[in-house]
Amino acid sequence: MPEGPELHLASRFVNLACRGLVFCGAVEKSPVSRNPEVPFESSAYCISATARGKELRLTLSPLPGAQPAREPLALVFRFGMTGSFQLAPAEALPPHAHLRFYTASHAPRLALCFVDIRRFGRWDLGGEWQPDRGPCVLLEYEQFRENVLRNLADKAFNRPICEALLDQRFFNGIGNYLRAEILFRLRIPPFEKARTVLEDLLHHRLSPELTLSQKIRAKLQNPDLLELCHLVPKEVVQLGGKGYGPDHGEEDFAAFRAWLQCYSVPGMSSLRDRSGRTIWFQGDPGPLAPKGGKSRKKKSQETHPGPLEEMETPGAEQDLPEVTTAWQPEGPGLQLDPGAPTVREKGRRRRRQATTDRRRPQKRKVDTPSEEPGDTIVS
């Protein structure tokens, strides 16, 4: 799932890819997307982007003399599980391109596309950041730190630290892989009470006798949890790649996989938190670990999962029910278990099927994909 670094890399990609390009015409939305139409049309406009936590703002700015005369329009995107931006030829749009912005040039004509395979991504008109999200861990570190320490009495910090780290009111930009990497570096049990972990930071002060360079060195050598919430995402941004760039491909993710120390790494243990998301860790899970939860270790394997496999879906790792000998496949051409009982009388089978159908509750047909739980914003 795209987290703060991925949104930041996406904004960097949009600004580099769209530099010098002139866009024109109407904004085109795919018919299957349930997001709002974008009522914007101009004979000439440019596109720019900025990111904040897990949101990205795209601004469409008409150029001087463009018709019709109008003000810039901003949209705020949240990427869901698989959202990203791509610049592609207008004649060869990528699959699942749900919002398209076309260039004016016809040699060749290009389209900036918001691509979202699973359609969990969202965009809103107006350009306003979601008000319940806290300061960005990447770009607003001082405000982020102050916001967390000032609100430690909030009931969100009664929860395990691994769950509190996903609360976007306080940790805007932190997601599943980042929380695992941050806690692992400090050897903090993921199910330790959040307030217990963070209260010590209220009293942590560097000696006033240290020079500025000595204070910076001390913080880099021994960062606390909130500092790592800023430094670890910065490391991911410095890796670059993550699907953005002219030569992106499978090798584009190699540096990221090599960087991971804990998340989905062989030898690490895992548990599900209360929201059903898997937290990876090493050692003791902590006193608030879910009762009856079974810790499982990641086995070593020669091949690594692909980029989409690394994006965790809540509930994706639930155990499947066992298939017993009582189950039989239906349909012609399928070989049945020769030892399974058979029903010789067609009438009896039909009567039994009719009785079963009356007792079985009817399922409502749903023709849209299920929604993925969004970021935790309120407790």
Side-chain angles (χ1 to χ4, degrees), residues 1 3-5 7 51-55 76 78 128-208 215 218-220 222-234 262 271-281 283-291 293 314 373-379:
M1 182 174 183
E3 303 182 17
L7 273 290
R52 180 179 185 266
K54 285 193 178 184
E55 296 182 293
V76 170
R78 291 173 292 282
E128 299 296 328
W129 305 119
Q130 279 188 312
D132 289 332
R133 290 181 182 264
C136 175
V137 296
L138 263 172
L139 303 178
E140 302 168 317
Y141 170 68
E142 294 298 336
Q143 299 97 305
F144 150 69
R145 186 181 184 94
E146 179 186 357
N147 183 47
V148 171
L149 296 180
R150 185 179 65 246
N151 289 287
L152 286 183
D154 191 280
K155 62 181 180 180
F157 297 103
N158 294 334
R159 295 181 293 171
I161 185 62
C162 67
E163 295 180 8
L165 283 170
L166 296 183
D167 193 326
Q168 300 300 294
R169 295 177 302 163
F170 304 109
F171 298 92
N172 187 11
I174 300 298
N176 210 24
Y177 82 79
L178 283 174
R179 67 170 177 171
E181 297 299 316
I182 291 165
L183 295 175
F184 174 76
R185 294 193 186 193
L186 293 175
R187 300 299 188 268
I188 295 175
F191 292 94
E192 182 64 71
K193 189 175 182 179
R195 189 175 294 106
T196 301
V197 173
L198 294 167
E199 276 183 335
D200 289 342
L201 306 187
L202 287 171
H203 313 293
H204 179 67
R205 295 287 187 273
L206 293 174
S207 171
K215 291 180 180 178
K219 286 189 175 184
L220 292 176
N222 299 288
D224 61 35
L225 185 140
L226 296 181
E227 286 164 345
L228 281 184
C229 287
H230 172 67
L231 295 173
V232 173
K234 281 183 66 176
C262 178
L271 277 172
R272 290 192 176 278
D273 62 21
R274 289 191 308 173
S275 66
R277 303 195 69 183
T278 300
I279 175 67
W280 298 88
F281 63 95
D284 179 21
L288 299 182
K291 294 180 180 179
D375 296 328
T376 304
I377 296 181
V378 294
S379 56

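Judged by distance alone, with hydrogens and angles left aside, the side-chain atoms of Gln168 form no donor-acceptor pair with the main-chain N or O of Gly134 at under 3.5 Å. Side-chain atoms of Glu192 do not come within 3.5 Å of backbone N or O of Pro287 as any donor-acceptor pair.
Taken to the nearest 0.5 Å, the CG atom of Asp224 stands 8.0 Å off from the CG atom of Leu186. Glu140 contributes atom CD, which lies 16.0 Å from atom CZ of Arg145 (distance to the nearest 0.5 angstrom). Atom CZ of residue Phe170 and atom CG of residue Asp132 lie 10.0 Å apart, to the nearest 0.5 angstrom.
A salt bridge is defined here as a Lys NZ or Arg NE, NH1 or NH2 lying under 4.0 Å from an Asp or Glu carboxylate O, and Arg159 with Asp273 fails to meet this definition. Under 4.0 Å is where a charged nitrogen must lie from a carboxylate oxygen, and between Glu3 and Lys54 no such pair does.
Cys136 approaches Gly53 most closely through the heavy-atom pair SG-N, 3.2 Å. Pro190 approaches Leu183 most closely through the heavy-atom pair CA-CD1, 3.9 Å. When all heavy atoms of Ala164 and Ala156 are compared, the closest pair comes out as CB-O, 4.0 Å.
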Exercise for the section: Might you work through the side-chain contact (heavy atoms from CB on, under 4.5 Å) test for Arg185 and Val232, ending with a clear yes or no? Expected result: CA-CA 10 Å; Arg185 294 193 186 193; Val232 173; 3.9 Å; yes
Practice task
Start with the C-alpha distance between Lys193 and Ile161, add both sets of side-chain angles, then the distance that settles side-chain contact (heavy atoms from CB on, under 4.5 Å), and finish with yes or no.
Solution key: CA-CA 6 Å; Lys193 189 175 182 179; Ile161 185 62; over 6 Å; no
Exercise for the section: Tell me, with the steps shown, if Arg52 and Asn172 meet side-chain contact (heavy atoms from CB on, under 4.5 Å). Expected result: CA-CA 8 Å; Arg52 180 179 185 266; Asn172 187 11; 3.7 Å; yes
Practice task
Apply side-chain contact (heavy atoms from CB on, under 4.5 Å) to Arg277 and Arg272, showing your working.
Solution key: CA-CA 5 Å; Arg277 303 195 69 183; Arg272 290 192 176 278; 5.8 Å; no
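Among residues two or more places apart in sequence or in another chain, the side chain to side chain contact (heavy atoms under 4.5 Å, CB included) test is passed with Ala180 by Cys262, Tyr263, Ile279, Trp280. Remark: Phe281 pairs with no residue by the ring pair (Phe, Tyr, Trp, His ring centres under 6.0 Å) rule, at least two apart or across chains. Here Glu181 pairs with nothing under the salt bridge (Lys or Arg N to Asp or Glu O under 4.0 Å) rule; sequence neighbours left out. Glu146 pairs by the salt bridge (Lys or Arg N to Asp or Glu O under 4.0 Å) definition with Arg150, not counting sequence neighbours. Every residue two or more places apart in sequence or in another chain that forms a ring pair (Phe, Tyr, Trp, His ring centres under 6.0 Å) with Phe144 is listed here: Phe171. Every residue was checked against the salt bridge (Lys or Arg N to Asp or Glu O under 4.0 Å) condition with Arg195, not counting sequence neighbours, and none meets it.
Inter-residue side-chain proximity for Asp167 and Arg169 is flagged as met; some heavy-atom pair is nearer than 4.5 Å. At least one side-chain heavy atom of Pro5 sits under 4.5 Å from a side-chain heavy atom of Pro233. Considering only heavy atoms from C-beta on, Thr278 stays 4.5 Å or farther from Leu271 through its side chain. In this structure, Leu165 and Leu225 have side chains that are in contact, with non-hydrogen atoms separated by less than 4.5 Å. Side chains of Glu227 and Tyr141 form a contact here, defined as non-hydrogen atoms less than 4.5 Å apart.
Under the side-chain contact (heavy atoms from CB on, under 4.5 Å) test applied with Ile182, the options Leu226, Ile188, Ile174, Leu231 reduce to a single match, Ile174.
A cation-pi arrangement is not found for Arg179 relative to Tyr177, the charged atom failing to lie both closer than 6.0 Å to the ring centre and inside a 45° cone about the ring normal.
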